[in-house]
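Contents: one structure, followed by commentary.
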Amino acid sequence: MSEDEFLEQSTIRAKIDELKFRHRSLDSEVQALQDLGVSDQLKLARLKKEKLMLKDRIAELEDRLTPDIIA
């Protein structure tokens, strides 16, 4: 692995950690709103949609870290 590849992988891992932190924060926020019985369904839907987008982005970045396997 070259130094450039290592730096790129380090950058990707850091971004994944950042996105996972944001995802957990959104999860806590959604849970708190649901526990409080907040009836702002639009806000809940937006938060859940953002969580899904983050999950997709995390999966995309994790795929970049996994080497292709030639069968």
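The first residue of the sequence shown is numbered 1, and numbering continues consecutively from there.
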**Item:** Pairing residues for Q31 by the side-chain hydrogen bond (donor to acceptor under 3.5 Å, both in side chains) criterion, not counting sequence neighbours
**Value:** D35
**Message:** Grouping I, L, V, M, F, W and Y whenever their side-chain heavy atoms are under 4.5 Å apart, do L36 and V30 come out in a common cluster?
**Reply:** yes
**Request:** To the nearest 0.5 Å, tell me how far I12 CD1 sits from L7 CG.
**Result:** 11.0 Å
Considering only distance and modelled atom types, tabulate donor-acceptor pairs under 3.5 Å from the side chains of residues 59-66, sequence neighbours left out.
| residue | atom | partner | partner atom | Å |
| --- | --- | --- | --- | --- |
| E60 | OE2 | R57 | NH1 | 2.5 |
| E62 | OE2 | K20 | NZ | 3.3 |
| R64 | NH2 | E8 | OE2 | 3.0 |
| T66 | OG1 | E62 | O | 3.2 |

Scan the side chains in residues 48-55 for donor-acceptor partners under 3.5 Å anywhere in the protein, sequence neighbours excluded, and list what turns up.
| residue | atom | partner | partner atom | Å |
| --- | --- | --- | --- | --- |
| E50 | OE2 | R22 | NE | 3.4 |
| E50 | OE2 | R22 | NH2 | 3.2 |
| K51 | NZ | D27 | OD1 | 2.7 |

**Value rounded to 0.5 Å, distance of CG in L47 from OG in S28** = 11.5 Å
